[in-house]
Participant: 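The structure's right below; bear with me while I get my questions together.
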Amino acid sequence: MAEEIQQQITIADENGDETLYDVLFTFQSEDYDRSYILVYPTGKGEDEEIEILAFALPDGDNPSDPQGGELKPIETDEEWDMIESVLNTFLNGDDDEAADQPKE
(Lines give C-alpha, C1' and ligand atoms only; values in the text may rest on other atoms or scores of the structure.)
Protein backbone atom coordinates (compact mmCIF):
# COMPACT_ATOMS: atom_id res chain seq x y z
CA MET A 1 0.00 0.00 0.00
CA ALA A 2 1.40 3.41 -0.97
CA GLU A 3 1.79 5.92 1.82
CA GLU A 4 0.18 9.29 1.16
CA ILE A 5 2.76 12.05 0.92
CA GLN A 6 1.93 14.99 3.21
CA GLN A 7 2.28 18.29 1.42
CA GLN A 8 4.24 20.82 3.47
CA ILE A 9 5.06 24.51 3.24
CA THR A 10 7.37 26.82 5.13
CA ILE A 11 5.96 30.11 6.38
CA ALA A 12 8.13 32.94 7.67
CA ASP A 13 6.72 35.15 10.42
CA GLU A 14 7.21 38.91 10.77
CA ASN A 15 10.64 38.29 12.37
CA GLY A 16 11.79 36.11 9.48
CA ASP A 17 11.60 32.92 11.58
CA GLU A 18 10.51 30.00 9.41
CA THR A 19 8.07 27.30 10.57
CA LEU A 20 7.18 24.12 8.68
CA TYR A 21 3.44 23.47 8.23
CA ASP A 22 1.46 20.51 6.91
CA VAL A 23 -1.22 21.39 4.37
CA LEU A 24 -4.66 20.41 5.66
CA PHE A 25 -6.41 21.22 2.38
CA THR A 26 -6.83 23.85 -0.32
CA PHE A 27 -10.02 25.01 -1.99
CA GLN A 28 -11.36 27.61 -4.37
CA SER A 29 -14.26 29.96 -3.65
CA GLU A 30 -16.17 31.21 -6.66
CA ASP A 31 -17.99 33.72 -4.41
CA TYR A 32 -14.72 35.49 -3.58
CA ASP A 33 -12.84 34.53 -6.77
CA ARG A 34 -9.90 33.38 -4.64
CA SER A 35 -8.24 30.16 -3.60
CA TYR A 36 -7.39 29.34 0.00
CA ILE A 37 -4.96 27.11 1.87
CA LEU A 38 -5.40 25.78 5.42
CA VAL A 39 -2.30 24.60 7.28
CA TYR A 40 -1.24 23.42 10.74
CA PRO A 41 2.20 23.11 12.41
CA THR A 42 4.14 19.97 11.46
CA GLY A 43 4.83 17.40 14.14
CA LYS A 44 1.69 17.73 16.26
CA GLY A 45 0.38 14.52 17.77
CA GLU A 46 -3.11 13.22 17.07
CA ASP A 47 -4.32 14.09 20.58
CA GLU A 48 -2.80 17.57 20.67
CA GLU A 49 -4.91 20.63 20.00
CA ILE A 50 -3.64 22.27 16.84
CA GLU A 51 -3.95 25.79 15.54
CA ILE A 52 -5.14 25.83 11.95
CA LEU A 53 -4.07 28.83 9.90
CA ALA A 54 -5.82 30.01 6.73
CA PHE A 55 -4.45 32.16 3.93
CA ALA A 56 -5.50 33.22 0.45
CA LEU A 57 -3.26 31.85 -2.29
CA PRO A 58 -1.64 34.28 -4.73
CA ASP A 59 -3.96 35.42 -7.54
CA GLY A 60 -4.25 32.80 -10.26
CA ASP A 61 -2.63 30.00 -8.20
CA ASN A 62 -4.28 26.61 -8.72
CA PRO A 63 -5.47 25.20 -5.36
CA SER A 64 -4.91 21.61 -6.53
CA ASP A 65 -1.25 22.38 -7.33
CA PRO A 66 -0.12 25.53 -5.47
CA GLN A 67 3.10 26.97 -6.84
CA GLY A 68 4.03 29.00 -3.79
CA GLY A 69 4.54 32.70 -3.56
CA GLU A 70 3.24 35.31 -1.18
CA LEU A 71 0.31 34.01 0.87
CA LYS A 72 -2.26 36.70 1.54
CA PRO A 73 -4.07 37.33 4.82
CA ILE A 74 -7.84 36.86 5.05
CA GLU A 75 -9.20 40.39 5.40
CA THR A 76 -12.96 40.26 5.84
CA ASP A 77 -15.26 38.69 8.42
CA GLU A 78 -17.38 37.31 5.57
CA GLU A 79 -14.37 35.40 4.19
CA TRP A 80 -13.52 34.07 7.65
CA ASP A 81 -17.12 32.88 8.09
CA MET A 82 -17.01 31.11 4.73
CA ILE A 83 -13.64 29.47 5.52
CA GLU A 84 -14.88 28.38 8.94
CA SER A 85 -17.93 26.80 7.31
CA VAL A 86 -15.77 24.92 4.79
CA LEU A 87 -13.42 23.79 7.57
CA ASN A 88 -16.31 22.53 9.70
CA THR A 89 -17.67 20.57 6.74
CA PHE A 90 -14.20 19.12 6.12
CA LEU A 91 -13.67 18.15 9.77
CA ASN A 92 -17.16 16.73 10.28
CA GLY A 93 -17.48 15.03 6.91
CA ASP A 94 -20.63 15.16 4.87
CA ASP A 95 -22.61 13.16 7.42
CA ASP A 96 -24.57 16.12 8.81
CA GLU A 97 -27.82 14.14 9.05
CA ALA A 98 -26.34 11.64 11.51
CA ALA A 99 -25.05 14.48 13.69
CA ASP A 100 -28.56 15.90 13.94
CA GLN A 101 -30.15 12.63 14.99
CA PRO A 102 -30.60 12.08 18.74
CA LYS A 103 -28.54 9.26 20.21
CA GLU A 104 -30.61 6.38 21.57
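One-based numbering along the sequence shown. Note: hydrogens, waters and symmetry copies are ignored here, and every other heavy atom, side chains too, is used. Since we're looking at a predicted model, the values are computed, not measured.
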Participant: Hey, quick one: are I11 and L87 part of the same hydrophobic cluster, counting side-chain heavy atoms closer than 4.5 Å, chains of contacts allowed?
Facilitator: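 No, I11 and L87 fall in different hydrophobic clusters.
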
Participant: E30: which residues meet the side chain to side chain contact (heavy atoms under 4.5 Å, CB included) condition with it, sequence neighbours left out?
Facilitator: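 Applying side chain to side chain contact (heavy atoms under 4.5 Å, CB included) to E30 gives none.
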
Participant: Are I74 and F25 connected in a single hydrophobic cluster, I mean Ile/Leu/Val/Met/Phe/Trp/Tyr linked by side-chain heavy atoms less than 4.5 Å apart?
Facilitator: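 Hydrophobic grouping puts F25 with I74.
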
Participant: Among the clusters formed by ILVMFWY side chains lying less than 4.5 Å apart, do L57 and I52 turn up in the same one?
Facilitator: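 No: no chain of side-chain contacts under 4.5 Å links L57 to I52.
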
Participant: Which pair of heavy atoms, one from P58 and one from L71, lies closest together, and at what distance?
Facilitator: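 Shortest heavy-atom contact: CD-CD2, 4.4 Å.
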
Participant: Step by step, work out the side-chain contact (heavy atoms from CB on, under 4.5 Å) result for T26 and I37.
Facilitator: CA-CA 4 Å; T26 59; I37 185 167; 3.6 Å; yes

Participant: May I ask you to check whether over 12 heavy atoms, not counting those of D13, lie within 6.0 Å of atom CG?
Facilitator: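 Result for CG/D13: enclosed.
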
Participant: Which value, rounded to the nearest 0.5 Å, describes the distance between D31 atom CG and E79 atom CD?
Facilitator: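 Separation between the atoms: 10.5 Å.
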
Participant: Got a second to check how far I83's CD1 is from F27's CZ, nearest 0.5 Å?
Facilitator: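 Atom-to-atom, I83:CD1 and F27:CZ are 5.0 Å apart.
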
Participant: Rounded to the nearest 0.5 Å, what separates atom CG in L38 from atom CZ in F90?
Facilitator: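 L38 atom CG to F90 atom CZ measures 8.5 Å (nearest 0.5 Å).
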
Participant: Around D81, counting heavy atoms of other residues, nucleotides and ligands shown, do more than 12 lie under 6.0 Å from its CG?
Facilitator: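 Correct, the count exceeds 12.
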
Participant: What distance separates L53 CG from I9 CD1, expressed to the nearest 0.5 Å?
Facilitator: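 Going from CG on L53 over to CD1 on I9, the span is 9.0 Å.
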
Participant: For the hydrophobic clusters of this structure (ILVMFWY residues joined by side-chain heavy atoms under 4.5 Å, transitively), does one cluster hold both W80 and M82?
Facilitator: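 Yes, W80 connects to M82 through the hydrophobic network.
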
Participant: With rounding to the nearest 0.5 angstrom, report the OH to CD1 distance, Y21 to I50.
Facilitator: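 These two atoms lie 11.5 Å from each other.
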
Participant: Mind checking the CZ-NZ spacing from R34 to K72? Nearest 0.5 Å is all I need.
Facilitator: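 Between atom CZ of R34 and atom NZ of K72 there are 6.0 Å.
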
Participant: Does the ring center of Y36 lie less than 6.0 Å from the ring center of F55?
Facilitator: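 Distance test on ring centres: not under 6.0 Å, no.
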
